[in-house]
Amino acid sequence: MTVSDVPVRGGEGRRSEREALCPHRLVLEHVTSRWGVLVLIRLQERPHRFSELRRAIGRVSEKMLTQTLQTLERDGLVHRDAKPVIPPRVDYSLTDLGREAAEQVSALALWTERRMDDVLTARKAYDEARTL
């Protein structure tokens, strides 16, 4: 997910230090990360199995999706339901907290879609001003 999630050798790790200093910022990083946003939006539609979630998101590695799901599960946003069958079946869904976060993230995603023309206009003006 983020560099903050990479453990440091020989100790509790950077994650624990950052959680103690600023826990809400760390959760914000998880929810608004590149893959966190897409996972929350997709799971808002319905529960998904790992492989169908990966296909629905597209261009995410198995490792990154696994890390994202584990992080969101740890934060209480995603529920992992492993069924004891052969072959193993694991479904991912949003918790109540996850649904609330997904609504907020979806509103931001919708805003970016609605305002993309304005963003492109601003970028063009910025780039033109820098090339003079």
Side-chain angles (χ1 to χ4, degrees):
M1 297 263 325
T2 65
V3 175
S4 63
D5 292 330
V6 178
V8 177
R9 286 186 196 181
E12 275 288 304
R14 215 173 292 151
R15 181 188 303 185
S16 297
E17 292 170 21
R18 287 178 47 99
E19 282 178 9
L21 294 174
C22 200
H24 64 279
R25 185 173 178 179
L26 191 58
V27 173
L28 186 62
E29 284 181 21
H30 298 162
V31 170
T32 61
S33 71
R34 177 179 185 180
W35 304 116
V37 167
L38 297 175
V39 165
L40 290 172
I41 289 172
R42 287 296 179 188
L43 289 179
Q44 192 176 22
E45 299 167 3
R46 64 176 177 79
H48 284 71
R49 293 179 75 174
F50 184 89
S51 57
E52 61 184 359
L53 184 58
R54 187 170 179 218
R55 278 191 304 273
I57 291 172
R59 297 189 317 188
V60 60
S61 70
E62 190 171 313
K63 178 182 176 184
M64 279 310 306
L65 183 56
T66 298
Q67 287 177 352
T68 300
L69 287 166
Q70 287 174 342
T71 300
L72 294 174
E73 182 182 7
R74 182 171 184 259
D75 288 341
L77 305 175
V78 169
H79 173 72
R80 181 180 185 272
D81 182 24
K83 305 222 187 311
V85 295
I86 297 176
R89 179 182 173 101
V90 180
D91 292 306
Y92 294 91
S93 60
L94 293 177
T95 63
D96 290 340
L97 191 60
R99 276 189 287 284
E100 187 178 337
E103 288 173 13
Q104 301 301 316
V105 169
S106 293
L108 181 59
L110 188 58
W111 177 85
T112 60
E113 286 180 33
R114 286 194 317 261
R115 301 304 299 238
M116 197 62 211
D117 288 342
D118 297 320
V119 171
L120 293 173
T121 300
R123 286 179 181 174
K124 184 178 177 186
Y126 178 90
D127 293 344
E128 287 172 356
R130 299 294 180 267
T131 59
L132 297 177

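Note that this is a predicted model, so its numbers are computed, not measured.
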Item to complete: Please assess Leu77 against Val31 for the test side chain to side chain contact (heavy atoms under 4.5 Å, CB included), listing each intermediate value before the final yes or no.
Response: CA-CA 9 Å; Leu77 305 175; Val31 170; 3.6 Å; yes
Worksheet item: Between Arg99 and Asp96, does at least one N-O distance fall below 4.0 Å, as a salt bridge requires?
Response: yes
Response to the item:
Residue set satisfying side chain to side chain contact (heavy atoms under 4.5 Å, CB included) with Gln44, at least two apart, ordered chain then number -> Leu94, Ala102, Glu103, Ser106
Worksheet item: From Arg74 CZ over to His30 NE2, what is the distance, rounded to the nearest 0.5 angstrom?
Response: 7.5 Å
Worksheet entry | Gap between atom OG1 of Thr121 and atom CE of Met116 - 0.5 Å precision | 9.5 Å
Fill in: Cluster check Met64, Val90: I/L/V/M/F/W/Y, side chain < 4.5 angstrom
yes
Worksheet item: Quick one: do Leu40 and Leu110 end up in the same hydrophobic cluster if we chain Ile, Leu, Val, Met, Phe, Trp and Tyr together by side-chain heavy atoms under 4.5 Å apart?
Response: no
Discussion item. Show, in sequence, the C-alpha distance, side-chain angles and deciding distance for Val78 and Thr71, and conclude whether the side chain to side chain contact (heavy atoms under 4.5 Å, CB included) test is met.
Written reply: CA-CA 9 Å; Val78 169; Thr71 300; over 6 Å; no
Worksheet item: Do Leu69 and Leu97 belong to the same hydrophobic cluster, where Ile, Leu, Val, Met, Phe, Trp and Tyr are linked whenever their side-chain heavy atoms lie under 4.5 Å apart, directly or via other members?
Response: yes
Practice prompt. Mind listing the closest non-hydrogen atom pair of Trp35 and Arg59 along with its distance?
Written response: CH2-O, 3.2 Å
Practice prompt. Quick one: pull up CD in Glu29 and NE2 in His24 and give me the separation to the nearest 0.5 Å.
Written response: 10.5 Å
Item to complete: Start with the C-alpha distance between Thr66 and Lys63, add both sets of side-chain angles, then the distance that settles side chain to side chain contact (heavy atoms under 4.5 Å, CB included), and finish with yes or no.
Response: CA-CA 5 Å; Thr66 298; Lys63 178 182 176 184; 5.8 Å; no
Worksheet entry | Point-to-point distance, once rounded to the nearest 0.5 Å, from CG of Leu72 to OG of Ser33 | 6.5 Å
Fill in: Point-to-point distance, once rounded to the nearest 0.5 Å, from OG1 of Thr68 to CG of Leu53
9.5 Å
Response to the item:
Residue pairs passing the side chain to side chain donor-acceptor pair (under 3.5 Å) test with at least one member in residues 48-57, sequence neighbours excluded, are Arg46-Glu52
Discussion item. To the nearest 0.5 Å, what is the distance between CG on Leu38 and CG on Leu43?
Written reply: 11.0 Å
Worksheet item: Which heavy atom of Asp81 sits nearest a heavy atom of His79, and at what distance?
Response: CB-NE2, 3.8 Å
Item to complete: Given side chain to side chain contact (heavy atoms under 4.5 Å, CB included), test Leu108 with Trp111 step by step and report yes or no.
Response: CA-CA 5 Å; Leu108 181 59; Trp111 177 85; 4.3 Å; yes
